[in-house]
Peer 1: 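I have a structure I would like to understand better, so I am pasting it below and will then ask my questions one at a time.
For clarity, every value in this text was computed on a predicted model and none was experimentally measured. Chain A is the first sequence line, chain B the second, and so forth, proteins listed ahead of strands; every chain is numbered from 1.
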Amino acid sequence: MFSQASKEAIELETGTPAPRATIDTVSHDYKLLTDHAEIKELVNVLNEQQEFCFDTETTGVDAVEAQVVGVAFSYEKSKAFYIPIPMNKDGAMEVMAMLSKALENPKTLKIGQNIKYDILVLKKYNIHVAGALFDTMLAHYLIEPETKHGMDVLAEQYLNYSPVSITEILGPKGKNQKNMADLEPSEIKDYACEDADITLQLKQKIADEIDKEGFTKLLNDIELPLVNVLAQMEFEGVRIDEQALTAMSKELQEESLKAQAEIFKIAGREFNIASPKQLGEVLFDELKLVEKPKKTKTGQYATGEEILSKLANQHEIAAKILEFREYQKLKSTYVDALPKMVSPGDGRIHTDYNQAVAATGRLSSNNPNLQNIPIRTPKGREIRKAFVPAGDDHVLLSADYSQIELRLAAAFAQDEPMIDAFKNGRDIHATTAAKVFKVSLDEVDPTMRRKAKEVNFGIIYGISAFCLSQNLNIPRGVAGDIIKAYFEEFPGIKRYMDESIEKAKEKEYVETIMGRRRYLRDINSRNATMRGYAERNAINAPIQGSAADIIKIAMVNIHNWLKKESLKSKMIMQVHDELVFEVPNEETDYVKGNVVKLMMSAVDLEVPMEVEAGVGENWLKAH
DNA sequence: GTGAAGCACT
DNA sequence: CTCTGGGTGCTTCACC
């Protein structure tokens, strides 16, 4: 039924039928293996291969919590084996011990689809997957970073094959969906074997394309080695001080109620403050705070932070709503949510880093997202105090690249004034302010520095005068003058931005320092909005993406160094330009020094990469 | 279940 | 005259 629907969709789009092979139309040899002698024989054969594909079937999508139900292997097209893992602990460990002889063989290449998941789930069974890796999802991410990379779509695209849908064996998604553990091995066999078989077939096709497009080094030297680093980080997790969060929750609840009471008093009635619709009606229909309220594209009154901030000075209710929103956000998204994510197994929080979603090459983090823990406001940053090391005998070490994106812009642009500022270790925002406002460095006041900082950020994003004026709350003309002065002082930056767009228009893609590509197919569009978006990306993607490349290189190098030196320190978090480690007290100075060194030396550019590192009894203090 | 609004980070 | 900063993930509301 599922495949029928998608076939129709294809026919509608292309006007021609797309005959797609399935498990029922293609000959295959999928075997269920339970006999220990047969399993050992398979392991021997796998160890004779140069490469093989494997795929775990588990009880859930959360690798740290999931149990392995079975493992499928394939080393030859259309041929695969499914080995069920007994549900009892001893039986499971016995079979796993046999499989480990193949999975831990450093000489064979292991192929998988999202192989970090399998590596991670196997770590709980004390299996440490060794040898080189190939991941069809990651490989395809380099080829087409902005599309989907699921096995099903890859199979359709590369093999004209429609794999068995998971819903065919587990039932429709929802709370009634079955679990792999509810099924007999015989019911899982075809699905699991097909996954391994198809992934193996995909590898051949996608690896060819990787070579053809020139992504071999990026894949083999960065993305694939990073898989093991991320698996390790996710496995370690981070400890959370639950008591501290419980106390914060109580406080935020009280503060929220106070703000709510004042809002109701001013409004003259009770309503749901969290409902943008109701809030808009109260503020603009009833209280008539402004003459012509802005509307959102759906016709509602806009009540976002930007709008309310401008009203907050004259109208107490706007200030209170912002306060209320802040408390609610902190409470629901972090303070109350994080303790629920603590793993019962080890009392720690294990995020899932996604290596194949961000179009620029950055990582993303979810369940929970550890890359957006508050820091800006005093109440928000308190949450970072709840991120703590394993015990008194450990500390957290945080090391972050200082202004990495602006340094990259300066280096790529070969802009001498800016390179000079960085080479001499000057305060880049103050230096910019002095140049743009034509004063000496010691005449730069905090307002000028703040404005210059905003411009520097804007540059990286492909700024417009309108946007800068919004951010600085100044007239558009003045913002335009500042930008003009900026480009006069940093002519290399201006030239680089223009050349980036020109090159993008010609090639319809841009690339990072390591050759990661982002396609900008709208760059020659006649639609000004779409073209503008692509033009900003032509400037931002190489900068943001190169920063991502660089920290990934540093992560791989640091991981290898920690291993080589048999240190107990663990890398546990990455937040785009920052790495966090859990470090035994006695390793603090040594690890800190070398982490900084390895981060600085990840690439060699004309602009030095500065790294700031700190140590503390929690994440906030380490900053 | 899905999309919009809003907001947390870099 | 119009539009208007890159990249994410999570929560809540509102509607289907």
Peer 1: Determine the contact category for A:Gln278: base if any of its heavy atoms lies under 4.0 Å from a base atom, sugar-phosphate if only primed atoms, P, OP1 or OP2 are that close, otherwise nothing.
Peer 2: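 The residue A:Gln278 makes sugar-phosphate contact but no base contact.
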Peer 1: Any base atoms under 4.0 Å from A:Gly304, or only sugar-phosphate, or nothing? Heavy atoms, all strands.
Peer 2: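 It contacts sugar-phosphate atoms only.
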Peer 1: Heavy atoms under 4.0 Å, any strand shown: does A:Ser464 hit a base, just sugar-phosphate, or nothing?
Peer 2: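 Base: the residue A:Ser464, judged by heavy atoms under 4.0 Å, touches a nucleobase.
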Peer 1: Would you mind reporting whether A:Asp522 and A:Tyr533 have side-chain heavy atoms less than 4.5 Å apart?
Peer 2: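 Heavy-atom side-chain distance check fails, nothing below 4.5 Å.
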Peer 1: Base, sugar-phosphate or nothing for A:Ala528? Non-hydrogen atoms, less than 4.0 Å.
Peer 2: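 Nothing: the residue A:Ala528, judged by heavy atoms under 4.0 Å, touches no strand.
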Peer 1: Return the nearest nucleotide to the side chain of A:Lys297; candidates are B:dC7, C:dG7, B:dA5.
Peer 2: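 Ranking B:dC7, C:dG7, B:dA5 by closest atom to the A:Lys297 side chain puts B:dA5 first.
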Peer 1: Is any N or O donor-acceptor pair between the side chain of A:Gln544 and the base of C:dG7 shorter than 3.5 Å?
Peer 2: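 Between C:dG7 and A:Gln544, which were checked side chain against base, a qualifying N/O pair under 3.5 Å is absent.
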Peer 1: With respect to the side chain of A:Ser332, which nucleotide from C:dT12, C:dG9, C:dT8 is positioned closest?
Peer 2: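 The nucleotide sitting nearest to the side chain is C:dT12.
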Peer 1: Heavy atoms under 4.0 Å, any strand shown: does A:Leu330 hit a base, just sugar-phosphate, or nothing?
Peer 2: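 A:Leu330: no heavy atom of the nucleic acid under 4.0 Å.
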Peer 1: Heavy atoms only, 4.0 Å cut-off, all strands: where does A:Arg384 land among base, sugar-phosphate and nothing?
Peer 2: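 The answer is sugar-phosphate, as A:Arg384 gets under 4.0 Å only of primed atoms, P, OP1 or OP2.
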Peer 1: Would you classify A:Arg536 as touching base, sugar-phosphate or nothing, given that sugar-phosphate means primed atoms plus P, OP1 and OP2, and contacts are heavy atoms under 4.0 Å?
Peer 2: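 Since only primed, P, OP1 and OP2 atoms lie under 4.0 Å of A:Arg536, the category is sugar-phosphate.
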Peer 1: Which nucleotide wins on minimum distance to the side chain of A:Asn537, given the candidates C:dG9, C:dG6, B:dG6?
Peer 2: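 Nearest nucleotide to the side chain: C:dG6.
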Peer 1: Rounded to the nearest angstrom, tell me the gap between atom CZ in A:Arg531 and atom P in C:dT2.
Peer 2: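 In whole Å, C:dT2 P lies 17 Å from A:Arg531 CZ.
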Peer 1: Just to be sure I understand the rule, does A:Arg381 reach a base, reach only the sugar-phosphate, or reach nothing, if contact means heavy atoms closer than 4.0 Å?
Peer 2: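 The residue A:Arg381 makes no contact with any strand.
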Peer 1: Any side-chain heavy atom of A:Val229 within less than 4.5 Å of one from A:Ile558?
Peer 2: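 In short, these two side chains do not touch, never coming nearer than 4.5 Å.
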Peer 1: Can you name the one residue among A:Glu146, A:Glu508, A:Glu144 that meets salt bridge (Lys or Arg N to Asp or Glu O under 4.0 Å) with A:Arg521?
Peer 2: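 Looking at A:Glu146, A:Glu508, A:Glu144, the match for A:Arg521 under the salt bridge (Lys or Arg N to Asp or Glu O under 4.0 Å) is A:Glu144.
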Peer 1: Provide, to the nearest angstrom, the distance between the CG atom belonging to A:Asn367 and the C1' atom belonging to C:dG9.
Peer 2: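 Interatomic distance, CG of A:Asn367 to C1' of C:dG9: 9 Å.
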Peer 1: With no hydrogens and no angle check, is any side-chain donor or acceptor of A:Thr351 less than 3.5 Å from a backbone partner on A:Tyr353?
Peer 2: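 Not a single qualifying donor-acceptor pair exists.
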Peer 1: Counting side-chain heavy atoms from C-beta on, which of B:dT10, C:dC3, C:dT11 comes nearest to A:Arg476?
Peer 2: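 The nucleotide sitting nearest to the side chain is C:dC3.
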Peer 1: Regarding A:Ile373, tell me which of base, sugar-phosphate or nothing describes its non-hydrogen contacts under 4.0 Å with the strands shown.
Peer 2: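 Here A:Ile373 touches the backbone only, sparing every base.
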Peer 1: For A:Tyr353, report the nucleic acid contact type (base, sugar-phosphate, nothing); a contact means any heavy atom under 4.0 Å.
Peer 2: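 No contact.
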Peer 1: Does A:Asn471 reach a base, just sugar-phosphate, or nothing at all? Heavy atoms under 4.0 Å.
Peer 2: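 Touches a base.
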Peer 1: Please give, in whole Å, the distance from C:dG5 P to A:Phe457 CZ?
Peer 2: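 Computing the A:Phe457:CZ to C:dG5:P distance gives 16 Å.
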Peer 1: Say whether, by atom type as modelled, one donor and one acceptor occur between the side chain of A:Asn540 and the main chain of A:Ile460 under 3.5 angstrom.
Peer 2: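 Indeed, once roles are kept as given, a pair shorter than 3.5 Å links the two residues.
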Peer 1: Side-chain N or O of A:Thr303 less than 4.0 angstrom from OP1 or OP2 on B:dG6?
Peer 2: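 Yes, because at least one side-chain N or O of A:Thr303 sits under 4.0 Å from OP1 or OP2 of B:dG6.
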Peer 1: Could you tell me the Watson-Crick or G-U partner of C:dC16, where both distances fall under 3.5 Å? Say none if there is no partner.
Peer 2: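 WC or wobble partner does not exist here.
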Peer 1: Nearest whole Å is fine: how far is B:dT10 P from A:Glu454 CD?
Peer 2: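 In whole Å, B:dT10 P and A:Glu454 CD are 14 Å from each other.
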Peer 1: What nucleotide, of B:dC7, C:dA14, B:dT10, holds the atom closest to the side chain of A:Ile375?
Peer 2: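 Per side-chain heavy atoms of A:Ile375, the pick is B:dT10.
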